[in-house]
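Since the model is a prediction, treat every value here as computed from it, not as a measurement. Numbers here simply count residues along the sequence, with the first being 1.
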Amino acid sequence: LKTNSDNQKIPFLGPTERGFQQLWDSSYTGLVLRRSCSLPVDLHAKVEAAFLTLRKKGSLLRDLVRVRDRDVFTAVSRALLGEPGHTYRYLDTRLFAIPWHSEDNELKGETCCDPDFRAACKALWELNNFFCSDVSQLKEGDRLVQDSKNSEGVDSESRQSEEGDTESNLSDYHIEDKENRESRCSPPSSPVLCSGPVQFNVTLLNYMDPAAMSQLKEEPYYGMGKMAVGWHHDENLVTHSPVAVYSFRCWPAEPNLVFSLCLVRMEGERRAEKAVTETGISEQTSESSEGSSSERTFWRIGLKVAWDIHTPGLILPLESGDCYYMRDDLNTTHQHCVLAGDTARFSSTHRVAECSRGTLAYIQTRCQEALSNLCTDPETGSHSLLALLPTTLQHCEEIHNEVEFEWLRQYWFQGRRYTRFCSWWSGPMEQLENDWRLMETMTKLFLAMVEDDGRAEDNRRDMAETLLSALTDRHQQRQTWRDRCHSTLAQTLPPEEAPVDRPFWGVDDPSMPLPFDLADIINRVESLLWRWPQFRSCLCLLCVT
Ligand SMILES: O=C(O)CCC(=O)C(=O)O
Ligand SMILES: [Fe+2]
């Protein structure tokens with residue numbers, strides 16, 4: 001962003017400012033706030049206990065994500081829960097959902113994790129169910145839900161009206177919003193549209209204790225305050241699907257901080273009470289738009305219209321237990337950020353992840369597709385390829401790369417976090433690794449064919465080109481993951497969270513068909529291709545320049 005010469009900020013409105021409601025109605029439709037008091041009390045109790053359990057067990061972890069080719073830790077600690085076998089991909093990171101544990105597997109004797117952990121997951125599943133039915137029942141134009149009156153659980157809406165508005169007095173800002181442009185998710189090639197009843201399939205949990213964070217970034221465009229999560233669109237969602245968020249502020253885990261915050265809080269409440277008695281106005285309504293009253297800073301959601309410097313931003317302070325929805329195309333047309341308050345806070349962000357390529361069932365089917373081209377002699381155990389068409393071989397090599405880089409390496413890069421809390425993913429990952437190893441054998445057979453001088457030249461050239469492109473991609477991606485695993489940031493992690501460069505094997509590992517480092521093989525295939533004039537001239541154009 002470039003602001004004008006005075007480095008002026010763009011205005012934004014909070015609930016106490018004139019024009020807030022009107023701004024919400026005109027430019028932030030799709031945002032709905034459901035006040036804490038309108039949710040069932042026992043649901044609050046379960047969900048809040050669940051958050052604390054997950055924190056106590058250490059299952060909320062900062063992700064080492066990739067932003068503009070650089071690794072960074074997220075400021076918030078996270079965990080993904082959801083439908084068994086689902087994953088959620090954001091910032092080049094595939095998170096593997098810890099299953100909801102909606103069924104009581106204890107009876108079946110399955111012990112993927114301990115009962116407390118299971119109960120915590122199940123509570124978030126109940127919250128998910130609540131959100132699924134609630135978001136489907138909201139009417140168009142609903143903005144604020146703050147009571148729960150009718151027996152079917154359909155909450156009535158209450159609309160607040162307000163007269164007058166502030167005119168935006170922004171003039172000549174020039175925005176060059178690089179960050180926004182790069183964090184925008186590109187629409188999938190054939191968008192999966194959200195229709196029918198909403199089925200949130202995952203929730204990404206967030207946790208942050210601002211007192212434990214040495215430096216949070218200031219919100220740069222509006223001056224909204226310290227950010228726990230910077231401006232972004234949520235990625236990897238079904239087009240126009242809603243997002244539902246539960247917000248819970250709590251005491252930090254460290255007892256000494258609890259003590260000092262208690263003192264601050266008590267003092268704040270004492271003053272607020274005094275103020276209410278004197279003025280009849282409660283603290284929240286008299287709070288300034290920056291969210292900081294005399295003593296307390298609320299956690300707030302910041303919203304802005306994407307690519308727009310004229311519409312004022314909006315901030316929404318959240319009390320503990322409040323929920324909000326982003327409906328329709330709000331997530332696409334707008335960006336949001338999370339502004340840190342003065343206590344620790346959890347949120348559970350329920351999403352309809354676009355997972356046409358993101359479920360365990362999907363990747364297992366893909367692996368079977370590739371392996372159906374491998375024939376194993378039942379007597380000798382020796383392998384051979386069935387179809388030798390370049391397109392078939394290319395398809396197999398693509399699946400090979402997909403399972404290696406989108407599944408195995410993504411999984412192990414996140415350390416041993418998944419098996420530490422729940423063993424659900426261990427078996428499937430082992431199976432995928434076995435499938436992948438067979439694909440290494442397939443590549444070896446493919447290479448042998450390409451290098452077989454007895455074969456017809458024409459077919460061989462096509463095959464060599466196909467193989468070269470798959471191997472070059474594989475080689476580069478292996479290098480990138482290796483670098484990520486050994487980066488200085490990765491090394492700051494404790495052993496159980498540190499990235500694991502897996503699969504990795506030494507040069508003379510007899511169990512592996514091909515070497516880990518593909519440089520030699522790539523050279524061999526390249527020099528083979530030089531034999532064919534057609535390829536040579538084409539290469540020259542690319543290489544000589
Ligand atoms: O914590 C929140 O309220 C929202 C967090 C968020 O935007 C996200 O996780 O994508
Ligand atoms: Fe978000």
Side-chain angles (χ1 to χ4, degrees), residues 12-15 20-21 23-36 38-39 76 78 82 88 90 127-128 130-146 155 157 180 183-185 187 191-195 197-206 219 224 227-248 299-308 311-319 321-339 345-354:
F12 65 94
L13 299 181
F20 173 77
Q21 311 291 353
L23 178 67
W24 186 335
D25 279 344
S26 61
S27 303
Y28 294 88
T29 39
L31 175 69
V32 182
L33 174 64
R34 178 181 265 289
R35 283 281 179 214
S36 170
S38 70
L39 266 79
V76 289
R78 309 191 127 147
Y88 179 70
Y90 85 110
L127 178 64
N128 197 63
F130 175 84
F131 280 145
C132 289
S133 72
D134 191 50
V135 78
S136 308
Q137 285 168 14
L138 289 174
K139 291 182 289 299
E140 205 161 302
D142 276 358
R143 189 182 62 209
L144 176 68
V145 188
Q146 54 187 354
D155 300 287
E157 57 155 331
N180 297 343
S183 62
R184 275 165 83 99
C185 40
V192 183
L193 280 164
C194 194
S195 57
V198 174
Q199 266 310 320
F200 295 116
N201 49 17
V202 293
T203 177
L204 182 56
L205 307 184
N206 294 316
E219 190 292 305
M224 289 175 170
M227 300 188 295
V229 182
W231 289 112
H232 67 285
H233 301 271
D234 287 354
E235 291 182 67
N236 193 208
L237 305 182
V238 164
T239 308
H240 293 179
S241 62
V243 176
V245 182
Y246 184 97
S247 181
F248 170 48
W299 277 85
R300 286 145 298 145
I301 300 308
L303 288 126
K304 73 189 269 295
V305 179
W307 303 104
D308 181 326
T311 312
L314 191 89
I315 53 165
L316 189 63
L318 296 170
E319 285 284 358
D322 283 352
C323 302
Y324 66 92
Y325 298 114
M326 293 190 286
R327 295 201 296 165
D328 309 325
D329 58 354
L330 187 74
N331 177 55
T332 331
T333 53
H334 294 63
Q335 289 160 306
H336 57 283
C337 70
V338 183
L339 302 153
R345 175 210 186 231
F346 292 93
S347 70
S348 180
T349 65
H350 300 247
R351 304 157 195 243
V352 189
E354 199 291 284

To check you understand the geometry: which heavy-atom pair defines the closest contact between Asn206 and Thr349, and what is its length? ND2-CG2, 3.8 Å
Within-4.5 Å side-chain heavy-atom neighbours: Val243 and Tyr324: no
Run the side chain to side chain contact (heavy atoms under 4.5 Å, CB included) check on Tyr88 and Leu237 step by step: do they pass? CA-CA 9 Å; Tyr88 179 70; Leu237 305 182; 4.0 Å; yes
Under 3.5 Å, side chain of His336 to main-chain N/O of Leu303, donor-acceptor pair present? no
Compare all side-chain heavy atoms of Thr29 with those of Asp328 and state whether any distance is below 4.5 angstrom. no
Looking only at heavy atoms, the pair that brings Ser136 and Val198 closest together is OG-N, 3.5 Å
Tightest non-hydrogen contact, residues Lys139 and Arg327, listed as O-NH2, 3.0 Å
Let me see the working for Val76 and Val338 under side chain to side chain contact (heavy atoms under 4.5 Å, CB included), right down to the final yes or no. CA-CA 10 Å; Val76 289; Val338 183; over 6 Å; no
Parallel, tilted or perpendicular, as decided by the 30° and 60° cut-offs, for the rings of His350 and Phe131: perpendicular
Test item: side-chain donor near acceptor, Tyr325 and Asp134, under 3.5 Å: yes
On a heavy-atom basis, which atom in Pro15 and which in Pro317 lie closest, and how many Å separate them? CG-CD, 3.4 Å
Taking Asp329 for the side chain and His240 for the main chain, is one N or O donor matched with an acceptor at less than 3.5 Å? no
side-chain contact (heavy atoms from CB on, under 4.5 Å) partner of Cys323, chosen from Leu318, Leu39, Val135, Val245: Leu39
Which value, rounded to the nearest 0.5 Å, describes the distance between Phe346 atom CZ and Leu205 atom CG? 9.0 Å
What is the minimum heavy-atom distance between Asn201 and Ala353, and which atoms define it? OD1-N, 2.8 Å
Is the backbone of Phe200 close enough, under 3.5 Å, to the side chain of Asn128 for a donor and an acceptor to pair up by distance? yes
How long is the straight-line distance from OG of Ser348 back to CZ of Phe248, given to the nearest 0.5 Å? 12.5 Å
To the nearest 0.5 Å, how far apart are CG in Leu33 and CD in Glu319? 10.5 Å
Between His334 and Asp308, does any side-chain donor sit less than 3.5 Å from a side-chain acceptor? no
Interatomic distance, CZ@Arg78 vs OH@Tyr90, rounded to 0.5 Å, equals 4.0 Å
Inter-residue atom distance Leu13.CG - Ile315.CD1, 0.5 Å rounding: 9.0 Å
With no hydrogens and no angle check, just 3.5 Å: does a side-chain donor-acceptor pair link Ser247 and Arg345? yes
Does a side-chain heavy-atom distance below 4.5 Å link Arg34 with Phe130? yes
Using 0.5 Å steps for rounding, measure from the CG atom of Asp322 to the CD1 atom of Ile301. 10.5 Å
What is the minimum heavy-atom distance between Arg143 and Leu31, and which atoms define it? CG-O, 3.9 Å
May I ask you to test the Gln335-His232 pair for a side-chain heavy-atom distance under 4.5 Å? no
